Amino acid sequence: MFTSRHVSLELPPAVVRDLARRYAEPHRAYHTAAHIAEVLRWFDWTAERTGWQDPVDVYLAIVFHDAIYDPLASDNEARSTALARDAIAASPRTQALIQLTARHATISPTDVEGDHDAAQFLDCDIAILAAPPDRFDEYDAAIAVEYRAVPADKFRAGRGAFLRALLTRPRIYLSELFHAELDRTARDNLIRVLARY
């Protein structure tokens, strides 16, 4: 579990068990261990194309970034950061990367200019936006399941605003690699799905 072809770090077994338990919580439909595995596949894909400056820090940020996930909370990233710090003495760099995931809808390329790893890390996390249409629809439906406690009209308004914010950005993806490879497909998915919202 939580494996990468490009990082050979072994997490302590107790940490792996705790993370596996967290990612299997019953309220999760998308933010599960499968999401982490998918992000790690993009991490490996990126490693083979442009590389990482600090691959271990990025790897750990991927593994921990959704460890605490309550759709109704606003401090998931801060609590996931604290968990990484307490569980594995995560570096300040790993902690900063986890915190960045709170800003997916508002961050711009200039916010991470010169920070190759931060841009690519954030792009790996939202690479799902460029999935084939049926996979994108599964993702979108899973997010709705996670927010089932929110009234439907309120969820549609919030989700629609998030997706529109991504679509109206000049670049959905922050790094040159992801922008060139995935932006057009992600934009097509967002245009198509926003008709529901």
Side-chain angles (χ1 to χ4, degrees), residues 1-25 28 30-71 73-129 146 162 166 169 171-179 181-182:
M1 183 173 276
F2 311 124
T3 59
S4 162
R5 296 190 309 275
H6 296 276
V7 171
S8 58
L9 177 70
E10 288 191 26
L11 295 169
V15 171
V16 172
R17 286 193 300 272
D18 181 59
L19 287 170
R21 177 188 60 79
R22 292 175 185 277
Y23 284 117
E25 292 166 337
R28 297 176 185 249
Y30 174 70
H31 293 91
T32 65
H35 166 59
I36 301 305
E38 187 172 29
V39 177
L40 286 171
R41 285 192 294 275
W42 284 107
F43 170 83
D44 286 337
W45 178 85
T46 303
E48 292 160 7
R49 283 156 181 80
T50 58
W52 297 95
Q53 294 167 344
D54 297 302
V56 171
D57 285 332
V58 177
Y59 166 83
L60 291 171
I62 290 170
V63 170
F64 278 90
H65 80 281
D66 284 327
I68 294 177
Y69 181 71
D70 173 357
S74 61
D75 62 348
N76 291 316
E77 295 81 10
R79 292 170 62 207
S80 293
T81 300
L83 178 67
R85 183 185 63 238
D86 295 345
I88 58 161
S91 70
R93 176 60 166 161
T94 292
Q95 294 179 51
L97 289 170
I98 295 170
Q99 292 278 22
L100 279 176
T101 62
R103 299 175 53 203
H104 272 307
T106 60
I107 201 162
S108 73
T110 56
D111 294 327
V112 291
E113 191 171 0
D115 193 340
H116 178 79
D117 282 1
Q120 294 188 152
F121 162 69
L122 291 168
D123 287 349
C124 285
D125 192 31
I126 62 167
I128 186 65
L129 298 177
E146 290 182 339
F162 171 73
L166 292 172
R169 287 175 8 180
R171 296 168 62 120
I172 292 172
Y173 294 102
L174 303 170
S175 68
E176 292 300 329
L177 172 64
F178 281 77
H179 175 68
E181 296 284 337
L182 303 183

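As the structure is a prediction and not an experimental result, all values here were calculated from the model.
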Q | Side-chain heavy-atom pair Leu83, Arg79 within 4.5 angstrom cut-off | A | no
Q) Could you give the distance from OG1 (Thr3) to CD (Glu10), rounded to the nearest 0.5 Å? A) 11.0 Å
Q.
Taking the side chain as everything from C-beta on, heavy atoms only, tell me whether Asp123 gets closer than 4.5 Å to Thr46.
A. no
**Q.** pair Arg171-Pro109: side-chain heavy atoms closer than 4.5 Å
**A.** yes
Q) Once you round to the nearest 0.5 Å, how far does CG of Leu40 lie from CH2 of Trp45? A) 15.0 Å
Q: Could you check if a side-chain atom of Arg103 sits within less than 4.5 angstrom of a side-chain atom of Asp111, using non-hydrogen atoms only?
A: yes
Q) Where the side chain of Asp44 meets the backbone of Arg41, is there a donor-acceptor pair that is under 3.5 Å apart? A) no
Q | Ionic contact status for Asp18 with Arg21, cut-off 4.0 Å | A | yes
(Q) Can you confirm whether Val15 sits close enough to Phe64 that some side-chain heavy atom of one is under 4.5 Å from a side-chain heavy atom of the other? (A) yes
Q: Might you work through the side chain to side chain contact (heavy atoms under 4.5 Å, CB included) test for Thr50 and Glu176, ending with a clear yes or no?
A: CA-CA 10 Å; Thr50 58; Glu176 292 300 329; over 6 Å; no
Q | Closest heavy-atom pair and its distance - Ala67, Ser80 | A | N-OG, 3.6 Å
(Q) Pair Leu60, Leu11 - check side chain to side chain contact (heavy atoms under 4.5 Å, CB included), show working. (A) CA-CA 9 Å; Leu60 291 171; Leu11 295 169; 3.7 Å; yes
Q. Rounded to the nearest 0.5 Å, how far does CG of Leu122 lie from OG1 of Thr101?
A. 7.5 Å
Q) Backbone N or O of Asp115 within a donor-acceptor pair of the Gln53 side chain at under 3.5 Å? A) no
Q) Just one of Asp54, Thr81, Asp57 clears the side chain to side chain donor-acceptor pair (under 3.5 Å) bar with Thr94, so which one? A) Asp57
Q: Enter the distance from Met1:CE to Tyr23:OH here, rounded to the nearest 0.5 Å.
A: 10.5 Å
Q. Side chains of Trp42 and Leu182: closer than 4.5 Å at any heavy-atom pair?
A. yes
Q) Quick one: OH on Tyr173 to SG on Cys124, what's the gap to the nearest 0.5 Å? A) 10.0 Å
Q. Nearest heavy-atom pair of Glu77 and Ser74: which atoms, and what distance?
A. OE1-O, 4.3 Å
Q. Considering all heavy atoms of both residues, which atom of Ala118 and which atom of Arg93 are nearest to each other, and what is their separation?
A. N-NH2, 3.8 Å
Q.
With heavy-atom distances below 4.5 Å as the criterion, would you say the side chains of Asp125 and His35 are in contact?
A. yes
**Q.** Qualifying residue, where the test is side-chain contact (heavy atoms from CB on, under 4.5 Å) with Leu174 and the options are His104, Glu113, Arg169
**A.** Arg169
Q: Verify, without hydrogens or angle tests, whether Arg28 (side chain) and His31 (backbone) share a donor-acceptor contact under 3.5 angstrom.
A: yes
Q) Taking the six-membered ring where the residue is Trp, are the ring centres of Phe43 and Trp52 under 6.0 Å apart? A) yes
Q: Examine distances only and state if a side-chain atom of His65 and a backbone atom of Ile62 form a donor-acceptor pair shorter than 3.5 Å.
A: yes
Q) Step by step, would you call Arg5 with Glu48 a salt bridge (Lys or Arg N to Asp or Glu O under 4.0 Å)? A) CA-CA 10 Å; Arg5 296 190 309 275; Glu48 292 160 7; 2.4 Å; yes
Q.
Keeping Tyr69 on the side-chain end and Thr32 on the backbone end, is there a donor-acceptor pair under 3.5 Å?
A. no
**Q.** CG on Asp70 to CD on Glu146, rounded to 0.5 Å
**A.** 10.5 Å
Q. Is Gln95 reaching over with its side chain to a backbone N or O of Ala90, donor-acceptor style, under 3.5 angstrom?
A. yes
